[in-house]
There are 2 protein chains.
Amino acid sequence: MADVKPIGKALFLREEELRRGIELMFFAYRDFTGEADSILAEQNMGRAHHRAIYFIGRNPGITVSDLLTILCITKQSLSRVLSGLMQDGYVTQKPGATDRRQRLLYLTETGIALESRLTSLQGRRFAAAYREAGVDAVDGFQRVLRGLLDSDTIDQIAQQDQTSDI
Amino acid sequence: MADVKPIGKALFLREEELRRGIELMFFAYRDFTGEADSILAEQNMGRAHHRAIYFIGRNPGITVSDLLTILCITKQSLSRVLSGLMQDGYVTQKPGATDRRQRLLYLTETGIALESRLTSLQGRRFAAAYREAGVDAVDGFQRVLRGLLDSDTIDQIAQQDQTSDI
DNA sequence: TATATTGGTCAACATGGCTGACGTAAAACC
DNA sequence: GGTTTTACGTCAGCCATGTTGACCAATATA
């Protein structure tokens, strides 16, 4: 401990910085999701419902298997959530035009309303953080987050951007 | 749809940007935790154990109630996790010097080993992302993440930095 | 001494992951 | 046309991790 050399000091700082990142990630994710969680609790839903609603809203007509690859959960888990959402009138499905085995998923009016309520809530939090931090910071934020992704996820996101109908 | 004004276009872009942030946050957190999760699964532990180990390692001698405020869970949930960790020899406790009701928590050798394995794994991911993105991006990343926090959390982190014995 | 604080325990419950097994309809292939 | 594969669903049960509520013990403090 006494004979700390510059390199030791540098490594120490580096570890501190990395830990700061790890912790910020934990706290930010917790706070970022917490607000939506309380709205969901009112409707007797959880975060799993939110994720399904979000990505169906984002990709109307998505197939079950595509939703599964986005969420990385088992079909049994998703099925439970989807059945609930359909029963409660947030989601509908219709058979695929070309492949009639597929069940294309859509939000209902109610589903759209809930999705937009949740997304605008989280969006406001992001907007405030972005505004405070400034444009350059936002760019850095997104670059680092992308750097944290698995390569599979990067491919997946790239693919999604291609097929997106924007 | 036909008479979209500049303001409409701007809002559209803004919403796209916000959604990109929301999604990046989801995917990055998932991938960032996923790697550690698989190590934990080997030891029959989950993310809850990881969080406890991490913050005990970070604050040796932390009291149960301080750990509770960091984690924001009930004492029953924490108690279950802590009992397991103590039984399996990752954590020890000793009574507080001034207040003997307190049980100060410490990692054992085994606990330290596991913590450092997990943290260095996540640290490597962060280090790679930081290296790729560059110093300015890292600063922006941290600024935006801090902007996403609840004000309570900000206070809490500030307080922790003060009492930290660095 | 009376009260508040720190921490633990037991019981019961919900959510949301998981595995495994099995079924059905439709597409794709030989 | 018959077989295989794919897309999806269901039932059953398990585990981790969160929750409430009730209750208890030791200790600090006013």
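In what follows, every chain begins at residue 1, and chains take the letters A, B, ... in the order their sequences are listed.
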Check this one for me: any side-chain N or O of [X] less than 4.0 Å away from OP1 or OP2 of [N]?
| X | N | result |
| --- | --- | --- |
| B:Ser79 | C:dG7 | no |
| B:Ser83 | C:dG8 | no |
| A:Thr74 | C:dC18 | yes |

Rounded distance in Å - CG (B:Leu82) to P (C:dG8):
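The distance from CG of B:Leu82 to P of C:dG8 comes to 7 Å, rounded to the nearest Å.
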How long is the line joining CD of A:Glu42 and P of D:dT19, in whole Å?
18 Å
Quick one: on DNA chain C, does B:Asp99 or A:Asp99 contact a more 5' nucleotide (nearest heavy atom)?
B:Asp99
Where each residue is assigned the nucleotide of DNA chain C containing its nearest heavy atom, which of A:Gly46 and A:Thr98 is assigned the position nearer the 5′ end?
A:Gly46
CD1 on B:Ile70 to CD1 on B:Ile56, rounded to 0.5 Å
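With rounding to 0.5 Å, CD1 (B:Ile56) is 10.0 Å from CD1 (B:Ile70).
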At under 4.0 Å between heavy atoms, what does [X] touch on the DNA or RNA strands: base, sugar-phosphate, or nothing?
| X | answer |
| --- | --- |
| A:His49 | sugar-phosphate |
| B:Ser65 | sugar-phosphate |
| A:Arg47 | sugar-phosphate |

Side chain of B:Ser77 only, heavy atoms from C-beta on: which candidate in D:dT19, C:dA27, D:dA28 is closest?
D:dT19
Measure from the side-chain heavy atoms of A:Gln102 and tell me the nearest of D:dG18, D:dA7, D:dA22.
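The listed nucleotide nearest to A:Gln102's side chain is D:dA7.
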Report yes if the distance between the aromatic ring centroids of B:Phe55 and A:Phe26 is under 6.0 Å, otherwise no.
yes
Let's test your reading of the model: under 3.5 Å, does the base of [N] pair with the side chain of [X] as donor and acceptor?
| X | N | result |
| --- | --- | --- |
| B:Arg101 | D:dT27 | yes |
| A:Arg80 | C:dG17 | yes |
| A:Gln76 | D:dG13 | no |
| B:Arg100 | D:dT27 | no |

Side-chain ion pair, B:Asp150 and A:Arg125, N-O less than 4.0 Å:
yes
Keeping B:Thr63 on the side-chain end and B:Leu104 on the backbone end, is there a donor-acceptor pair under 3.5 Å?
no
Which pair of heavy atoms, one from A:Val81 and one from A:Ala48, lies closest together, and at what distance?
CG2-CB, 3.8 Å
